[in-house]
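In this chain, residues are counted from 1 in sequence order.
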Amino acid sequence: MLIYPSEAGRGDLSMKNISYISRWALTIVFFVSMSIQSSEKEDIKTKQSQLQQLKKDIERYEEKIKQSEKKEYATLELLDIYDRQAVLLKKLIRQFHDEETSLEKEIDGTRSSVRELTGQIQFLKRQYAHYITTAYKYGRTYDLELLLSSRSFNQMFIRSEYLKRFSEQRRKDVERIDYRRDDLESYGRILEEQLTRQRKLITEKSKEEKKLEQQRKKRKALLTEIKRDKKNYRQELNRKLESVKELEQMITKLIEKEKSKKKSASEISKKGKSSPKSGELASGSFEARRGSIRWPVDQGKLVSRFGNHRHPTLNTVTQNPGIDISVPLGSQVVNVAEGEVSAIWWLPSFGNLIILNHNSGFRTVYAHLSEISVSEGEQLPEGGLIGKSGESLSGPMLHFEIWKDREKQNPEQWLRPRGVTSR
């Protein structure tokens, strides 16, 4: 087989293209590998720190539970501890789940890189094997014949340069095979680490899920015992009155905080500077929708209305600052209008609660939440999931309030007439 100058030119160009592509691929692989490892390590470090803090908080409540269980009688305080620990356990499990999903994507990406590198190595090996076969068949005699058969000195020079470059290219191919093999081994180690992390994660998540299930059973038994003692109902009533006062104080603080924020923005505006925009909501949009606002849950029964009520067990009159909707435990709770999460809190008799700011002085309160899916400062569209309903001493329910500045509003006058049936 003779290679003429024109063919040599084409062959040389082809090898140059292969060389450029290989170098480019190697550079990309190197930087991607370094970026992935650096990002992974930083991300893992942050997640581990968050998980460790959650575990510490859970252990702290576990110790409180052990101390409380030593007493011979059930207490509402122990029920509170169970509820607060349950929220942390659910948050921990949710983080495990999110990390597991993220890790699965990382593993898929690493496996894809391994397949790509394996394909590159196989391609280079085939190219090199072809060269070795040709060299074995024809050897140096073939190269000499190619030179001697040249029609001119210029053609001989071109063929000589081609053979020299062809030989150099084969040497570089061997080096590239070694480079790719090293990269492949590096990605292999990364994949092994990721799979080890995944197995550990699944084990930890399973352990926390079992702990949560055990805690649910204990809480259920405790709640049954608490309901037998009439003294607990009076204590719960007193706790609720105190919590109502504390919630009023929270609303007042939020109002003052908003006033201070608006004052600062006004001063900045007077100085000729544009005030920072933080996704501020349209003024008056909540007030304009009186009687047509959506309900915070899709279904349920209205078991306690706004205003004064006589307690069925204690025969005392108390005021409900909102409404109580009986819904199955774990029902999805959504925000009734566009708003900002201004506070996430916990209060005795109200449990976990969220306060949303809708501007123009309007705020909504969602209490007795078993799970919280939002963060303080987060801007939410209408109907966004904010959490899941929990349980009070009276049973599974959601407590909901509407405020206009410091005045409690009757939610039924603001919510649309359909969506939740009244009992």
How close do Asn320 and Ser304 get, counting heavy atoms only, and between which atoms? ND2-OG, 2.9 Å

Can we say Glu248 and Lys408 salt-bridge, meaning some charged N sits less than 4.0 Å from an Asp/Glu carboxylate O? yes

Mind running side-chain contact (heavy atoms from CB on, under 4.5 Å) on Asp324 and His399 for me, showing each step along the way? CA-CA 5 Å; Asp324 295 318; His399 177 76; 2.6 Å; yes

The reported gap from NE2 in His368 to CD1 in Ile325 (rounded to nearest 0.5 angstrom) is 11.5 Å

Chi angles and distances behind the side-chain contact (heavy atoms from CB on, under 4.5 Å) call for Phe286, Ile402: CA-CA 11 Å; Phe286 192 97; Ile402 297 178; 4.1 Å; yes

I need the Gln332 CD to Glu371 CD distance, nearest 0.5 Å. 10.0 Å

Over all heavy atoms of both residues, which pair between Val336 and Pro296 is shortest? Give the atoms and the distance, please. CG1-N, 3.7 Å

From OG (Ser392) to CG (Asp83), nearest 0.5 Å: 10.0 Å

Between Gln53 and Asp57: side-chain donor-acceptor atoms closer than 3.5 Å: yes

Separation between CZ (Arg84) and CD1 (Ile58), nearest 0.5 Å, reads 13.0 Å

I'd like to check Arg363 versus Met250 (side-chain heavy atoms, cut-off strictly below 4.5 Å). Are they in contact? no

Steps toward side-chain contact (heavy atoms from CB on, under 4.5 Å) verdict (Glu99, Lys205): CA-CA 10 Å; Glu99 190 178 347; Lys205 189 176 80 167; over 6 Å; no

Charged N-O contact under 4.0 Å between Lys207 and Glu204: no

Going by an N to O cut-off under 4.0 Å, is there a salt bridge joining Glu391 and Arg219? yes

Is the closest side-chain donor-acceptor distance between Glu338 and Ser285 under 3.5 Å? no

Lys105 side chain near Ser102 side chain, heavy-atom distance below 4.5 Å: no

Ignoring hydrogens, what is the shortest heavy-atom contact between Val303 and Ser326? Give both atom names and the distance. CG1-CB, 3.5 Å

For the NE2 atom of His358 and the CG atom of Leu380, what is their distance to the nearest 0.5 Å? 9.0 Å

Step-by-step ring pair (Phe, Tyr, Trp, His ring centres under 6.0 Å) determination, Trp414 to Phe362: CA-CA 12 Å; Trp414 290 87; Phe362 286 95; 5.1 Å; yes

Side chains of Ile354 and Val333 in contact at under 4.5 Å (non-hydrogen atoms): no

If you compare all heavy atoms of Gly330 against all heavy atoms of Ser370, which two are closest, and at what distance to 0.1 Å? CA-OG, 4.5 Å

Counting distance only, does the side-chain N/O of Ser375 pair as donor-acceptor with the main-chain N or O of Glu378 below 3.5 Å? no

Backbone N or O of Lys404 within a donor-acceptor pair of the Glu407 side chain at under 3.5 Å? no

Ionic contact status for Glu59 with Lys56, cut-off 4.0 Å: no

List the atom of Ile344, the atom of Glu376, and the distance in Å for their closest heavy-atom pair. N-OE2, 3.0 Å

Trp345 and Phe350, any side-chain heavy atoms less than 4.5 Å apart: no

Does any non-hydrogen side-chain atom of Thr110 lie less than 4.5 Å from one of Gln194? yes

With Gln198, which of Leu201, Ile202, Thr196 fulfils side-chain contact (heavy atoms from CB on, under 4.5 Å)? Ile202

Before accepting this row, confirm whether a basic side-chain N of the pair Arg216/Glu213 lies closer than 4.0 Å to the acidic partner's carboxylate O. yes

Might you point out which heavy atoms bring Phe96 and Lys55 nearest each other, and give the distance in Å? CZ-CE, 4.2 Å

Does Pro328 offer a backbone N or O that forms a donor-acceptor pair with the side chain of Ser389 under 3.5 Å? yes

Measuring from Leu222:CG to Leu76:CG, what's the distance to the nearest 0.5 Å? 8.5 Å

Quick one: does Thr364's side chain get under 4.5 Å of Phe400's, heavy atoms only? yes

Any chance NZ of Lys220 has more than 12 other-residue heavy atoms, nucleotides or ligands included, within less than 6.0 Å? no

Could you tell me if the side chain of Phe306 sits less than 4.5 Å from the side chain of Pro411, heavy atoms only? yes

Result of checking Ile386, Val341, Leu385, Val374 against Asn335 for side-chain contact (heavy atoms from CB on, under 4.5 Å): Ile386

Do NZ/NE/NH1/NH2 and the carboxylate oxygens of Glu256 and Arg406 come within less than 4.0 Å? yes

Going through the checks in order, is the side-chain contact (heavy atoms from CB on, under 4.5 Å) test met by Val87 and Lys91? CA-CA 6 Å; Val87 170; Lys91 188 176 181 181; 5.5 Å; no

Lys90 atom NZ: more than 12 heavy-atom contacts under 6.0 Å: yes

Quick one, Asn232 and Glu236 - any side-chain contact, counting heavy atoms below 4.5 Å? no

